[in-house]
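Structure first, commentary second.
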There are 2 protein chains.
Amino acid sequence: MGTTKQITEKIGILLRDSKLSVTETRVKILELFMKSDGALEHSDFEKLAGKSFDRVTVYRTLQTFLEKGIIHKIPTTDTSVRYAVCKSECTEHHHHDHHVHFKCETCGNTTCLDETDVPNIQLPKGYAMHNVEVVVNGVCKSCK
Amino acid sequence: MGTTKQITEKIGILLRDSKLSVTETRVKILELFMKSDGALEHSDFEKLAGKSFDRVTVYRTLQTFLEKGIIHKIPTTDTSVRYAVCKSECTEHHHHDHHVHFKCETCGNTTCLDETDVPNIQLPKGYAMHNVEVVVNGVCKSCK
DNA sequence: TGTAATTTTGCAACAACGTTGCAAATAAAT
DNA sequence: ATTTATTTGCAACGTTGTTGCAAAATTACA
Ligand SMILES: [Mn+2]
Ligand SMILES: [Mn+2]
Ligand SMILES: [Zn+2]
Ligand SMILES: [Zn+2]
């Protein structure tokens with residue numbers, strides 16, 4: 001994962017590549033993503049970072065990152081929205097997160113299984129497939 | 001699908017089988033589920049049924065149906081929660097909705113593809129799988 | 001069928017979440 | 001360094017979801 005300094009530098013490059021100004025909030029939020037091993041939801045940022053930035057700013061920042069292909073959403077069955085950082089293949093114009101997500105019923109963490117590809121699905125005739133989301137529920141490695 | 005009278009009768013049986021009182025609200029909500037071809041979310045009931053029942057009652061009714069295995073949730077990437085009626089195999093103690101869900105990007109409808117089984121997933125070592133949720137995004141038959 | 005016991009509903013009040021407009025602060029461009 | 005463009009924080013507001021409680025409806029039972 002690298003030192004804090006390396007991470008900060010990496011984040012600066014990532015933001016500039018996405019044509020985004022490098023601001024304290026954006027850097028801090030990306031740091032939290034990179035230091036966390038699971039997906040994060042909106043309320044996590046207030047918990048993890050204290051009240052160091054405004055709720056509104058967090059909403060706007062996540063929205064911007066989403067549009068730029070820096071983070072992606074993960075489906076849930078509750079009213080929360082979870083986000084995780086994308087791999088380098090994602091761009092402003094196209095997301096490529098073809099991996100499986102795992103939700104641990106014990107610790108509650110949601111993680112990207114980057115090495116686990118989503119399988120082929122055979123749809124009924126007449127349906128056009130654009131992308132497939134897979135979320136596996138169970139018990140994760142750490143909780144077993 | 002049957003006549004309205006047949007549906008009402010079916011709903012009465014379903015409720016009694018689940019050891020639930022047969023109330024106007026419950027019958028009405030199940031009717032809306034059965035007459036809709038897609039999944040419904042909370043706000044749909046207020047739209048479809050006018051203000052004929054209270055918001056709180058809808059929340060409580062959906063919660064009850066969920067616990068009794070009458071409906072199941074479908075994952076989303078926004079703050080909504082979608083529900084659809086279960087097939088007969090689901091019980092109070094165990095859900096068996098091993099089918100794929102489809103979200104149409106054109107009409108916005110989410111449907112259960114009851115005939116499309118969720119595929120096998122090979123998880124990394126150390127993970128225990130309990131169940132798999134699959135949501136396919138694309139364009140549905142009617143919108144094509 | 002009538003009455004008592006149980007369950008469900010609707011209301012009020014509240015808390016949490018999410019959005020918008022706008023002025024002040026910050027970052028980028030020159 | 002100054003100007004220009006972007007981002008942030010605040011206030012205000014609307015929406016969504018929760019809880020306690022009394023009234024109403026349903027069920028159980030005589
Ligand atoms: Mn992911
Ligand atoms: Mn379904
Ligand atoms: Zn875990
Ligand atoms: Zn459609």
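Here is the naming used below: chain letters follow the sequence lines, and residue numbers restart at 1 for every chain.
A donor-acceptor pair is defined here as one N or O able to donate and one able to accept, closer than 3.5 Å; no such pair exists between the side chain of Arg16(A) and the backbone of Val22(A). Between the side chain of Glu46(A) and the main chain of Ser43(A), no donor-acceptor pair closer than 3.5 Å is present. Formation of a donor-acceptor pair under 3.5 Å by the Thr57(A) side chain with backbone atoms of Phe53(A) is not found in this model. Formation of a donor-acceptor pair under 3.5 Å by the Lys68(A) side chain with backbone atoms of Ser18(A) is found in this model.
Not counting sequence neighbours, the partners of Asp114(B) by the salt bridge (Lys or Arg N to Asp or Glu O under 4.0 Å) test are Lys87(B). Residues passing the side chain to side chain contact (heavy atoms under 4.5 Å, CB included) test with Asp78(B), sequence neighbours excluded: Thr76(B), Ser80(B).
Close approach of DNA chain C to chain A, defined as any atom under 4.0 Å from a non-hydrogen atom of the protein, starts and stops at dC17(C) to dA28(C).
What separates NZ of Lys47(B) from P of dT15(D) is a distance of 12 Å, to the nearest Å.
Checked against the 6.0 Å centroid threshold, Tyr59(B) and His42(B) count as a close aromatic pair.
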Atom pairs, protein N/O to nucleotides 27-30 of chain D N/O, distance under 3.5 Å:
{"residue": "dT27(D)", "atom": "OP1", "partner": "Val22(B)", "partner atom": "N", "Å": "2.6"}

Anything under 3.5 Å between a protein N or O and an N or O of nucleotides 16-19 of chain D, put it in a table, one pair a line.
{"residue": "dG17(D)", "atom": "OP2", "partner": "Tyr59(B)", "partner atom": "OH", "Å": "2.5"}
{"residue": "dG17(D)", "atom": "O5'", "partner": "Tyr59(B)", "partner atom": "OH", "Å": "3.1"}
{"residue": "dG17(D)", "atom": "N7", "partner": "Arg55(B)", "partner atom": "NH1", "Å": "2.6"}
{"residue": "dG17(D)", "atom": "O6", "partner": "Arg55(B)", "partner atom": "NH2", "Å": "3.4"}

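In the displayed structure, Lys19(A) atom NZ is contacted under 6.0 Å by at most 12 heavy atoms of other residues, nucleotides or ligands.
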Given side-chain contact (heavy atoms from CB on, under 4.5 Å), test Leu62(B) with Val58(B) step by step and report yes or no.
CA-CA 6 Å; Leu62(B) 293 173; Val58(B) 176; 3.9 Å; yes
Please list, one pair per line, the donor and acceptor atoms closer than 3.5 Å that link side chains of residues 115-133 of chain A to other protein atoms, with sequence neighbours excluded.
{"residue": "His130(A)", "atom": "ND1", "partner": "Glu105(B)", "partner atom": "OE1", "Å": "2.5"}
{"residue": "Asn131(A)", "atom": "OD1", "partner": "Asn137(B)", "partner atom": "ND2", "Å": "2.9"}

